[in-house]
Protein chains: 2
Amino acid sequence: MQPASSNVIENRIIQAVLSEEISPGERLGEKDLGEIFGVSRTLVREAMMRLSSRGIVAVSPRRGWFVIEPTVEEARETIEARRSVEIGLLMTQKNISAEMIKQLEAHVLEQQRAIDENDLGRRSYLLGHFHVHLAAALGNSILANILEELTTRIVLIATLYQSKADAQQSCDNHRRLVSALRKNKVKDAVKIMDAHLTHLDKALSIRKKMKPRSADQLRGKASFVP
Amino acid sequence: MQPASSNVIENRIIQAVLSEEISPGERLGEKDLGEIFGVSRTLVREAMMRLSSRGIVAVSPRRGWFVIEPTVEEARETIEARRSVEIGLLMTQKNISAEMIKQLEAHVLEQQRAIDENDLGRRSYLLGHFHVHLAAALGNSILANILEELTTRIVLIATLYQSKADAQQSCDNHRRLVSALRKNKVKDAVKIMDAHLTHLDKALSIRKKMKPRSADQLRGKASFVP
DNA sequence: GTATTCTATCTGGTATACAAGATTCGCCGA
DNA sequence: TCGGCGAATCTTGTATACCAGATAGAATAC
């Protein structure tokens with residue numbers, strides 16, 4: 001394994017979370033990750049520090065780093081935060097270029113393909129990252145960053161609480177959203193987004209407990225290796 | 001100087017930025033900070049990693065860490081991001097308790113006092129943190145965190161571009177905002193917020209160049225020491 | 001006097017060393 | 001068989017060592 005920078009580690013872990021390769025509550029040992037990425041604990045630690053700042057992992061003193069397991073309360077707050085940000089994003093957007101609409105439509109098609117091909121990791125990744133693309137398309141990279149943070153947490157929440165928001169429905173919502181944007185019907189877009197998140201929020205009531213995987217299993221995941 | 005954890009360092013630096021004790025472009029050397037806080041470079045580095053993840057500082061390889069100097073484009077994006085978040089926040093809020101209204105009013109009074117007493121650092125700090133309190137009052141700590149990040153950057157932007165949004169006007173806007181919230185006039189609140197940010201955005205055109213202070217001067221600032 | 005090159009020094013980048021708390025597991029006793 | 005106790009081990013916490021790139025300043029050439 002050739003060495004990787006701490007940035008690479010950080011991004012790889014976010015990607016792994018979005019692809020559901022890593023589950024909430026999973027332990028991420030510094031030593032293990034160092035071996036996987038071929039670097040010393042120092043770089044792993046840097047990546048963890050940034051990830052913890054983004055609310056993806058948290059450290060338990062002298063026990064290890066763990067992927068966060070949001071409580072129901074935190075889950076609701078995250079969904080509400082996303083609702084605020086996304087609705088604000090839609091309401092304050094001025095004009096969206098035809099080029100961007102096309103990109104978003106292409107992204108939705110990719111999502112559909114991942115669903116059809118039953119590519120679970122890619123499916124989860126694309127469905128989550130659609131909203132990041134949306135913010136970027138509306139011309140604000142800062143909001144895109146914020147949304148990446150929030151959607152990553154949402155994926156963890158969805159995994160943890162087994163929200164049954166099935167992929168096809170999410171994809172359909174995205175399609176309708178882009179369609180509304182193409183017609184410049186902002187109000188419709190807001191409604192679709194609002195309903196989408198309300199659905200997610202409702203699905204949260206069904207709790208499901210997960211058994212955390214051990215770090216050893218993680219090492220076995222070939223795809224986790226960059 | 002007794003040792004401090006990396007968390008303390010991080011918070012202290014954010015506070016220093018909010019209080020305008022630290023200017024954009026200022027160099028923050030690992031060695032210097034380590035001496036100031038009485039710790040090794042390791043802990044300073046951890047704090048810097050998290051601050052960079054929050055977009056407050058950036059590293060120039062083998063040269064040092066610097067407080068970010070947003071370009072005009074980034075400044076506009078930050079203001080737009082804040083507009084989205086704050087408007088979304090106001091629009092999706094359900095009910096705000098009388099208790100919270102009181103807290104916000106008390107905060108506005110504190111702001112006024114800082115203005116009257118000409119306490120510049122405290123003034124800057126309170127005016128910026130009002131929005132963080134607002135998000136917290138509306139019951140979402142995640143949005144509060146996001147807003148802390150954004151307002152910190154806004155302070156840097158205001159310093160850099162010498163936006164003449166004078167303190168008294170900001171405070172008045174805050175007072176009007178809380179008043180609208182008390183009367184449950186959400187639309188008015190949104191309007192006030194929107195106008196406030198538009199004003200900030202307009203003021204951005206007047207560019208002002210700053211000369212960065214050296215780290216030695218920073219060391220001299222007794223108040224920077226925890 | 002000015003431009004240039006070379007070197008001493010400073011800075012961050014990364015790995016490693018060592019300390020101390022947490023965990024595990026075996027041993028012992030009841 | 002079950003529960004408690006202790007040492008061995010594992011994990012993060014923090015400091016330090018060493019490297020390489022960047023910088024500044026002096027010496028040199030013109």
Side-chain angles (χ1 to χ4, degrees), chain A residues 1-13 22 25-69 211-220 226, chain B residues 1-13 22 25-69 211-220 226:
Chain A
M1 177 53 36
Q2 73 237 36
S5 83
S6 70
N7 254 323
V8 170
I9 300 175
E10 183 185 10
N11 290 332
R12 184 69 194 88
I13 287 183
I22 299 183
E26 190 156 327
R27 180 165 177 279
L28 301 176
E30 294 180 2
K31 190 165 172 289
D32 299 302
L33 289 177
E35 283 169 12
I36 289 174
F37 287 96
V39 297
S40 78
R41 281 176 51 217
T42 308
L43 294 190
V44 174
R45 213 134 206 291
E46 289 183 358
M48 288 311 194
M49 285 294 162
R50 285 196 295 250
L51 286 170
S52 73
S53 167
R54 302 175 73 172
I56 310 297
V57 303
V59 67
S60 175
R62 305 213 190 239
R63 281 178 18 88
W65 296 88
F66 296 85
V67 179
I68 57 152
E69 295 183 278
K211 61 169 199 305
R213 282 178 291 180
S214 79
D216 299 320
Q217 285 175 286
L218 190 149
R219 194 203 315 264
Chain B
M1 176 54 34
Q2 74 236 33
S5 83
S6 70
N7 252 323
V8 171
I9 299 175
E10 182 185 10
N11 290 331
R12 185 66 194 89
I13 287 182
I22 299 183
E26 190 155 327
R27 180 165 176 281
L28 301 175
E30 293 182 1
K31 189 165 173 288
D32 299 302
L33 289 177
E35 284 169 12
I36 290 174
F37 287 97
V39 296
S40 76
R41 281 176 51 215
T42 307
L43 295 189
V44 174
R45 212 133 208 290
E46 289 183 359
M48 287 309 182
M49 284 296 160
R50 286 197 294 250
L51 286 170
S52 73
S53 165
R54 302 175 74 171
I56 310 296
V57 303
V59 66
S60 176
R62 317 230 177 221
R63 280 177 21 87
W65 296 87
F66 296 85
V67 178
I68 57 154
E69 295 183 276
K211 59 170 199 308
R213 282 177 292 180
S214 78
D216 299 321
Q217 284 177 286
L218 191 150
R219 192 201 316 263

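Below, chains carry the letters A, B, ... as their sequence lines are ordered, and counting in each starts from 1. From a predicted model like this one, the values you see are computed outputs, not experimental measurements.
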Short heteroatom pairs, N/O only, protein and nucleotides 5-7 of chain C, under 3.5 Å:
none

Hey, could you give me the CE/OG distance between B:Met49 and A:Ser6, rounded to the nearest 0.5 Å? 5.0 Å

Taking only residues two or more places apart in sequence, or in another chain, which ones meet B:Ser5 in a side-chain contact (heavy atoms from CB on, under 4.5 Å)? B:Asn7, B:Val8

Can you check whether B:Asp32 reaches B:Arg27 side chain to side chain, under 4.5 Å on heavy atoms? yes

Output the distance between atom CD (B:Glu46) and atom OG (A:Ser52), rounded to the nearest 0.5 Å. 9.0 Å

Report the distance from atom CD1 of B:Ile22 to atom CZ of B:Arg12, rounding to the nearest 0.5 Å. 7.5 Å

Less than 4.0 Å between a side-chain N and a carboxylate O, is that true for B:Glu35 and B:Lys31? yes

What is the minimum heavy-atom distance between B:Gly25 and B:Phe66, and which atoms define it? O-CD2, 3.6 Å

B:Ile13 vs B:Leu33 side-chain heavy atoms within contact, under 4.5 Å: yes

Please list, for nucleotides 14-18 of chain C, all pairs of protein and nucleotide N/O atoms separated by less than 3.5 Å.
residue, atom, partner, partner atom, Å
C:dA15, OP2, A:Ser40, N, 3.2
C:dA15, OP2, A:Ser40, OG, 2.9
C:dA15, N7, A:Thr42, OG1, 2.7

Starting at atom CG of A:Asp32, determine the distance to atom P of D:dC10, rounded to an integer number of angstrom. 12 Å

Could you grab the distance from atom CD of B:Glu30 to atom OG1 of B:Thr42, nearest 0.5 Å is fine? 9.0 Å

Could you state the atom-to-atom distance from CD1 of B:Ile9 to P of D:dA15 in whole Å? 9 Å

Close N or O pairs between protein and nucleotides 21-23 of chain D (under 3.5 Å):
residue, atom, partner, partner atom, Å
D:dG21, O4', B:Arg62, NE, 3.3
D:dT23, OP1, B:Arg63, NE, 3.4
D:dT23, OP1, B:Arg63, NH1, 2.8

What pairs with A:Asn11 under side-chain contact (heavy atoms from CB on, under 4.5 Å), at least two apart in sequence or on another chain? none

Interatomic distance, A:Glu10 atom CD to A:Ser53 atom OG [nearest 0.5 angstrom]: 9.0 Å

Nearest whole Å is fine: how far is D:dA15 C1' from B:Glu30 CD? 14 Å

Looking at DNA chain C, which of residues 47-60 of chain A put a heavy atom within less than 4.0 Å of it? none

What closest approach, in Å, do A:Ile9 and A:Ala47 show between heavy atoms, and which atom pair accounts for it? CG2-CB, 3.7 Å

Do B:Leu28 and B:Met48 come close enough that some side-chain heavy atom pair is under 4.5 Å? yes

